[in-house]
Amino acid sequence: MTDELEITGPGHPEDRGPPTADLVAPARPCIIVLAGDSPGRALGIESGAIIGRGPEATMRFPHDDVSRKHALIRVVEEGVFELEDLQSRNGVRVNGVPVRRQALRFGDRLTIGNSVLLLFTQRDGLEEQLLRSQRLESLGRLAGGIAHDFNNLLGTVLTNIAFLRSLDPASTLGQEDIVETLEDSEAALRRAADLTSQLLGFARRGKYNEQPIDVSQLIEDVARLIRRTASRPLQIFVDVAPALTVLGDGTQLHQALMNIFINARDAMPTGGTIEVTARIGEQDRSSLVKSREHIVIEIRDEGIGMDEETANRAFEPFFTTKDVGKGTGLGLAMVYGIVQNHGGDVQVESAVGVGTTMRISLPSCEPVDAIVDGRPTATSEEIFVEARVLVVDDDDLFRSSTRRLLEHLGYGVEIAPSGQAAIDRIRDGDPIDLVLLDLQMPEMGGEEALKRILEVAPQTRVVVVTAFADDLRAQEALDGGARALVQKPFDVETLLRAIKGATD
């Protein structure tokens, strides 16, 4: 099994003297991800590892060119390792040479398929202790920032609830102060949901709705929103080559670009110009992966700019140059996470008094006729469809609130607190049209519940609902028969659109 060490780059322990034996652990063999999913990860391999994209793999890479069980690293004897190709589709290379079975030496570079590059190396205990200390310090800053923002938002909601409870029972929802209270509460909760989304982007998770995205339309949508909300003279010039398409989550890419545009706008307090270009990029000679053409999006402003130290820290979580209360410091960290999660790269160039250029590179795909942006636009009345729904979730509050909403909209609703309870209900009761199934439950997980529900009643439509799931787990649920995946928290239009899509 692998052991994730959270290390950011290869080391050269042979270039240093031996560590003091009673202070640090001996060197440990590991694999460092140079290119692929989450570059920089370091994975311990003392007992070997299976590399692939399927559930059997102990090193998982959700890339189409990686087989489910692609390659095996085995321990021949203590300190001796061997790499074997497990009859993969796209082969294995060691230092650029195709192999079927090969002894490994520290420093070897392993290419898995066409898009994953790994370094076989070792780490000494002193490095691990230092990096662990740095990681804990970063987690402390992260936790402190999250606690500050969420306490403010939750305080708003709790205060509003206290106000509503204090009103005369004869009060009506149409009263001005009640309407304002509900609007403030909704705005606070949406900000909390946005903060969670930024955290997921920073964590390189949550690419749930991967589809072809028209780059021109994506940029125009963001530019139009910035123009509408600008409180100062602002010109935005867009120059996008035709037929540019990327494969990704439209909502997250929209959010990433929006954060960059907002930073560019805020860097010009008296107004100014933002220039945006998008082109097919020239192949980067330093790139570790050269198998796909990529699209380069550049966003240039003429704002106050950043010095070298600030630019170097721009993507750190909770690092911000804005005044207290005017920025969370998560915006560019989220941008970095989303772009990395889409197989791309983001760079910044800036100079004080000159301005800033943000450069995003994303893998391209075949052009599409329809524009996809991943955001719901229809109203709940337009997408309503009759169905009998079973809500399956281990959280009492989620079950009751979802049931209340769907019953108000005219659905017949039943609830189940676990996967087993849902299976028993479907087996023994009247037919259910649709199951809203939580992916993360104790005892029986959502994946197992999905499999068994479809075995009992193959005609049942299932929509998976989750507060957090990595890309591979979400995709496995969809491959396993789920008709759609909805991320918590969701609004009514998003939920109804998923129900309609699943029951059509």
Can you tell me how far CG of Leu406 sits from CG of Leu434, rounded to the nearest 0.5 angstrom? 9.0 Å
Nearest 0.5 Å, what's the CD1-CG distance between Ile274 and Leu234? 4.5 Å
With sequence neighbours excluded, residues passing side-chain contact (heavy atoms from CB on, under 4.5 Å) with Glu414: Arg388, Leu390, Arg425, Ile432
Tell me whether Arg227 contacts the main-chain N or O of Ile236 through its side chain, where contact means a donor paired with an acceptor under 3.5 Å. yes
Partner of Thr402 under side chain to side chain contact (heavy atoms under 4.5 Å, CB included), picked from Val465, Leu436, Val389, is Leu436
For Gly355, does its backbone N or O pair with a side-chain atom of Ser350 as donor and acceptor, under 3.5 Å? yes
Which heavy-atom pair separates Ala449 from Leu437 by the least distance, and what is that distance? CB-CD1, 4.1 Å
Nearest 0.5 Å, what's the OG-CG distance between Ser401 and Asp395? 8.0 Å
Can you tell me how far the CG atom of Leu454 sits from the OG1 atom of Thr460, to the nearest 0.5 Å? 7.0 Å
Between the OG atom in Ser185 and the CG atom in Leu158, the distance rounded to the nearest 0.5 Å is 9.5 Å
Trace of the salt bridge (Lys or Arg N to Asp or Glu O under 4.0 Å) decision for Arg279 with Asp239: CA-CA 9 Å; Arg279 296 282 187 274; Asp239 181 12; 2.7 Å; yes
With sequence neighbours left out, write down each residue that passes salt bridge (Lys or Arg N to Asp or Glu O under 4.0 Å) with Glu349, or none if nothing qualifies. Arg359
Could you tell me whether the side chain of Asp394 reaches within less than 4.5 Å of the side chain of Pro417, counting heavy atoms only? no
State whether the side chain of Asp301 and the backbone N or O of Thr356 hold a donor-acceptor pair below 3.5 Å, judged by distance alone. yes
What heavy-atom pair brings Cys365 and Leu247 nearest, and what distance separates the two atoms? SG-N, 3.7 Å
Would you check, one step at a time, whether the test side chain to side chain contact (heavy atoms under 4.5 Å, CB included) holds for Val33 with Met59? CA-CA 10 Å; Val33 182; Met59 289 186 187; over 6 Å; no
Identified side chain to side chain contact (heavy atoms under 4.5 Å, CB included) counterpart of Val492 within the set Leu495, Leu496, Thr494: Leu496
Taking side chain as C-beta onward, heavy atoms only, is Glu298 less than 4.5 Å from Glu275? no
Closest non-hydrogen atoms of Ala477 and Leu450, given as atom of the first, atom of the second and distance, are O-CD2, 3.4 Å
Taking the side chain as every heavy atom from C-beta outward, state whether Arg461 and Asp433 have any atom pair closer than 4.5 Å. no
Heavy-atom check, side chain of Ile426 versus side chain of Val435, under 4.5 Å: yes
List the atom of Ala498, the atom of Val486, and the distance in Å for their closest heavy-atom pair. CB-CG2, 3.4 Å
Is it the case that over 12 heavy atoms from other parts of the model lie below 6.0 angstrom from the CG atom of Asp64? no
Within the side chain of Glu302, is there an N or O that forms a donor-acceptor pair under 3.5 Å with the backbone of Thr273? yes
OG of Ser216 to CG of Asp221, rounded to nearest 0.5 Å, is 9.5 Å
Evaluate Val456 against Arg452 for side chain to side chain contact (heavy atoms under 4.5 Å, CB included), listing each step before the verdict. CA-CA 6 Å; Val456 172; Arg452 293 179 59 183; 5.5 Å; no
Val66 backbone acceptor or donor facing Arg53 side chain under 3.5 Å: yes
Ile423 and Ile453: CA distance, side-chain angles, deciding distance, side chain to side chain contact (heavy atoms under 4.5 Å, CB included) verdict: CA-CA 6 Å; Ile423 294 165; Ile453 286 171; 4.0 Å; yes
Is the CD atom of Gln459 crowded by more than 12 outside heavy atoms at less than 6.0 Å? yes
Sorted by chain and residue number, the salt bridge (Lys or Arg N to Asp or Glu O under 4.0 Å) partners of Glu186 (sequence neighbours excluded) come out as Arg190
So, using side-chain contact (heavy atoms from CB on, under 4.5 Å) as the criterion, who are the partners of Ser171 when residues are at least two apart? Leu167, Asp168, Gln175, Ile178
Please find the pair of heavy atoms, one from Leu173 and one from Val179, that lie closest to each other, and give the distance. O-CG2, 3.3 Å
Compare all side-chain heavy atoms of Leu182 with those of Leu164 and state whether any distance is below 4.5 angstrom. yes
Any Leu362 side-chain heavy atom under 4.5 Å of Val339 side chain: yes
Would a 4.5 Å heavy-atom cut-off, applied to side chains only, mark Val116 and His63 as touching? yes
Close side-chain approach of Val335 to Met358, heavy-atom, < 4.5 Å: no
What's the shortest heavy-atom distance between Ile219 and Ala278, and which atoms? CD1-CB, 4.1 Å
I need the full list of salt bridge (Lys or Arg N to Asp or Glu O under 4.0 Å) pairs touching residues 435-445, with sequence neighbours left out, sorted by first then second residue. Asp438-Lys488
Of all residues at least two apart in sequence or in a different chain, which pass the salt bridge (Lys or Arg N to Asp or Glu O under 4.0 Å) check with Glu180? none
